[in-house]
Amino acid sequence: MADVKSHFYGSIRVGQKVSVGTFDGFARYVGPIPGTDSIWVGVEWDDSNRGKHDGIHNGIRYFKTLHPNGASFVHLEKVIPHNVSFIKAFLSKYGQSCGNNIQQEINALMKQSKMASFELVGMQKIQKTQACFDKLTHVCLSHHGITDAGDPKEIQDCCPNIVNLELCNNCFTDWETVSKIAQQLKHLTSLNLSFNNIDLPQEPNQQLKGSFKCLKKIVLGKLNYSWHEIMSLCEAFPVLEVLEVPDNNIDRLETHSEAMKNILYLNLENNNLSWPEINKLRSLPKLQTLNVNRNGIKDIQIVPSSFPSLEFLMISDNDLLHFESLCELNKLPALCSLRIQNNLLLKGLSVSNYTLQIIARIANLKTLNGTMITLKERQNNERDFLKDLDMIWHRQLKSAEERAEFLTKHPRYMELIAKYGSDYSEDLNTSNKIKTIKIRIVNFCKETSTEKDVIIKTLPITMTLNRLKDLGKRLFGLGNKQLEFSYLTKEKPDIEYSMENMNQTLDYYSVEDGNTVLIKW
């Protein structure tokens, strides 16, 4: 690519509006094609019937078009790039419903100083259209090949009240162009510049100063900026509250700068950050929502007094391995909402089981994966969790060292004992120990003949079916459904043994360790 001598190559960018002869389209690929010595431009035509393919050549996909025959490859020398101003792109999208000649009339109006030169009918039509543009507050001009800001003041004269602006996948090359656009939008509070290739100025705060006075939210996805560059850029946004920088391959963070003092929402999704790096942001005073999905995070270790205002953490699609990481999250003083789907520690667990594991470990959690946690659900999960821990504490731990290690691994155990008391009644100094069995409890739908959920539980053999029914309703949320009970053995898994007397115990029906109990409805 560096050896290409064509003077056209540097002037054509992917996403740019181009012409080839009398036909227009967008450049979707610029570069070599194996087996040739030329530089080619993959063009997606405005006329979708003109092309020969959808971006595939000799079995290699270079890009993807909406229509199966919407693209062609053209020699670079034959392609003429367009300079597309903001207003040209704006009118091409938002001016279509205003009459055939309205765009020309609006452009003429903005260039003329003598309003009387227009006929009354034309003036009324322009004023109506202009009033329409005045009301636009949310504007999306992504994928329009915008290259420049256009003439001075033409944006503020046409559409001055834009608040939320999306400019993804355009052809900006520098922040000066973006700054010129923003200067004309005095009410701009939200800006999305993802998927652009914008060179950073050497001193952003000085060169962009005053252009983004009201900007509270900026999205900079896939711009390949480092965190240091992002922090330098953010100095030009004095009232910034929402910062989204996904897909930037960020693997290093820095202790927060003055530019981050007002940040409420931070999106770091799909980067390469470990928790020690994320910990560098722990002193952000106002941060309420943090998105670190898809970062390959393996464990969490919370430093004391971290993230004092963090209420909502998104940490799905990572590589968390151990439940101790969930115990660490209990150290966050304000955390009340969590999204934690698709992590290794949850693999193989039923929804109800991993819900129990999470709720019981994080005391102040109110919402899990978008679902509200009721007080009754919390109490039931914490009681069940406590019973399991009680068994381990009284039966398996022999020394003070083992119990100290256990409390480190389960820091809420003593808190739950204080909250609910211990139900463990077995006297370890007698020979009359209550025997327990470890069984699979299956939530089984008769109508579809499918297992909806499976939980492994250790239960006393003296438990009656009535008590098991109450447990099953709590675990699986079965409400007032009519339930039937049966069980399968390891030795004869194809034979189902019915259990009909609800007052009888598991021992009465000879349910043994490793058996499967079906709760049918």
Side-chain angles (χ1 to χ4, degrees), residues 164 166 168 188-196 200 204-205 212 214-297 299-303 305-318 320 325 328-329 331-341 343 362 365 367 369-370:
N164 187 320
E166 293 192 26
C168 305
L188 185 66
T189 61
S190 177
L191 178 61
N192 190 341
L193 290 168
S194 300
F195 301 98
N196 280 285
L200 281 165
N205 193 25
F212 303 92
C214 297
L215 193 70
K216 293 185 176 182
K217 174 182 177 179
I218 192 161
V219 185
L220 303 171
K222 214 173 181 64
L223 269 70
N224 291 317
Y225 288 171
S226 70
W227 184 253
H228 180 77
E229 290 170 331
I230 292 167
M231 289 299 94
S232 177
L233 184 62
C234 285
E235 292 178 3
F237 314 137
V239 295
L240 193 66
E241 295 179 350
V242 177
L243 175 61
E244 300 196 42
V245 287
D247 301 286
N248 276 283
N249 295 315
I250 300 169
D251 59 4
R252 292 287 185 273
L253 298 178
E254 301 169 2
T255 304
H256 82 274
S257 67
E258 185 69 13
M260 297 285 284
K261 66 180 181 180
N262 293 317
I263 291 295
L264 303 175
Y265 181 107
L266 178 59
N267 180 358
L268 294 168
E269 183 167 358
N270 205 27
N271 284 288
N272 299 301
L273 294 166
S274 64
W275 194 263
E277 290 299 317
I278 296 167
N279 260 336
K280 293 178 181 179
L281 306 175
R282 63 184 180 272
S283 298
L284 289 176
K286 297 183 180 180
L287 183 65
Q288 296 176 357
T289 301
L290 176 61
N291 182 347
V292 289
N293 293 338
R294 299 182 181 88
N295 269 274
I297 298 169
D299 56 34
I300 299 172
Q301 292 180 329
I302 302 296
V303 176
S305 303
S306 293
F307 301 102
S309 303
L310 186 64
E311 298 177 357
F312 184 17
L313 175 64
M314 290 170 266
I315 196 164
S316 296
D317 300 292
N318 279 289
L320 293 175
S325 290
E328 289 291 303
L329 293 180
K331 297 177 182 178
L332 297 174
L335 185 68
C336 59
S337 184
L338 178 69
R339 282 193 178 273
I340 191 171
Q341 296 162 311
N343 274 276
I362 307 176
L365 208 60
T367 305
N369 295 331

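Just so you know, residue 1 is the first one in the sequence shown, and it goes up from there. Reckoned from all heavy atoms, side chains included, excluding hydrogens, waters and symmetry mates.
For the atom pair CG of Leu338 and CG of Asn369, the computed distance is 6.5 Å after rounding to the nearest 0.5 Å. Taken from CG in Leu215 to OG in Ser190, the straight-line distance is 7.0 Å, to the nearest 0.5 Å. In this structure, CZ in Arg294 is found 9.0 Å from CG in Asp247, a value given to the nearest 0.5 Å. Between atom OG of residue Ser309 and atom CG of residue Leu332 there is a gap of 11.5 Å, rounded to the nearest 0.5 Å. Rounded to the nearest 0.5 Å, atoms CG (Asp317) and CD (Gln341) are 8.0 Å apart. Of the inter-residue distances, the one linking Leu365 atom CG with Thr367 atom OG1 reads 7.0 Å to the nearest 0.5 angstrom.
Looking only at distances, no side-chain donor or acceptor of Asn291 sits under 3.5 Å from a matching main-chain atom of Leu268. No side-chain donor-acceptor contact under 3.5 Å links Asn318 to the backbone of Leu320. Remark: the backbone N or O of Thr189 is not paired with any side-chain donor or acceptor of Asn164 at under 3.5 angstrom. Listed for the Glu311 side chain is no donor-acceptor partner under 3.5 Å among the backbone atoms of Cys336. A donor-acceptor pair under 3.5 Å links the side-chain atoms of Ser325 to the main chain of Ile300, judged by distance alone. A donor-acceptor pair is defined here as one N or O able to donate and one able to accept, closer than 3.5 Å; such a pair exists between the side chain of Asn293 and the backbone of Ser316. Between the Asn267 side chain and the Gly221 main chain, no donor and acceptor come within less than 3.5 Å of each other. Judged by distance alone, with hydrogens and angles left aside, the side-chain atoms of Asn248 form a donor-acceptor pair with the main-chain N or O of Leu223 at under 3.5 Å. Remark: side-chain polar atoms of Asn271 are paired, donor with acceptor, to backbone N or O of Val245 under 3.5 angstrom.
Leu200 and Glu229 get closest at one heavy-atom pair: CD1-CB, 3.3 Å. Shortest non-hydrogen contact noted between Trp227 and Glu254 is CD1-N, 3.3 Å. When all heavy atoms of Ile315 and Ile340 are compared, the closest pair comes out as CG2-CG1, 3.8 Å. Across every non-hydrogen atom of Leu220 and Ser194, the tightest pair is C-OG, 4.0 Å. When all heavy atoms of Pro308 and Ala334 are compared, the pair lying nearest together is O-CB, 3.7 Å.
For the pair Met231/His228, no side-chain contact is recorded, criterion being any heavy-atom separation below 4.5 Å from C-beta on. With contacts defined as side-chain heavy-atom distances shorter than 4.5 Å, the pair Ile278/Leu290 qualifies. Side-chain contact between Leu191 and Phe212: present, with at least one pair of heavy atoms (C-beta onward) separated by less than 4.5 Å. Annotation: side chain of Thr289 is in contact with side chain of Met314 (closest heavy-atom distance under 4.5 Å). Using a 4.5 Å heavy-atom threshold, the side chains of Ile250 and Leu273 count as touching. Here the side chains of Val219 and Val242 are not in contact, with every heavy-atom distance at 4.5 Å or above.
Heavy atoms from other residues, nucleotides or ligands lying under 6.0 Å from NZ of Lys222 number 12 at most. Within 6.0 Å of atom CD in Gln301, 12 or fewer heavy atoms from other residues, nucleotides or ligands are found, so the atom counts as exposed in its surroundings.
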*Between Asn262 and Leu240, does a side chain to side chain contact (heavy atoms under 4.5 Å, CB included) hold up when you go through it step by step?*
CA-CA 6 Å; Asn262 293 317; Leu240 193 66; over 6 Å; no
Notebook entry, point to check: Under the side chain to side chain contact (heavy atoms under 4.5 Å, CB included) criterion, do Lys217 and Glu244 qualify, and how do the steps go?
Noted result: CA-CA 8 Å; Lys217 174 182 177 179; Glu244 300 196 42; 3.3 Å; yes
Do Glu277 and Arg252 pass the side chain to side chain contact (heavy atoms under 4.5 Å, CB included) test, and can you show the C-alpha distance, the side-chain angles, and the key distance before you say yes or no? CA-CA 6 Å; Glu277 290 299 317; Arg252 292 287 185 273; 3.8 Å; yes
Review point. Please walk me through it: do Asn295 and Trp275 pass side chain to side chain contact (heavy atoms under 4.5 Å, CB included)?
Key: CA-CA 9 Å; Asn295 269 274; Trp275 194 263; over 6 Å; no
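For the pairing with Ser306, the side chain to side chain contact (heavy atoms under 4.5 Å, CB included) check across Leu284, Leu281, Asn279 returns one residue only, Asn279.
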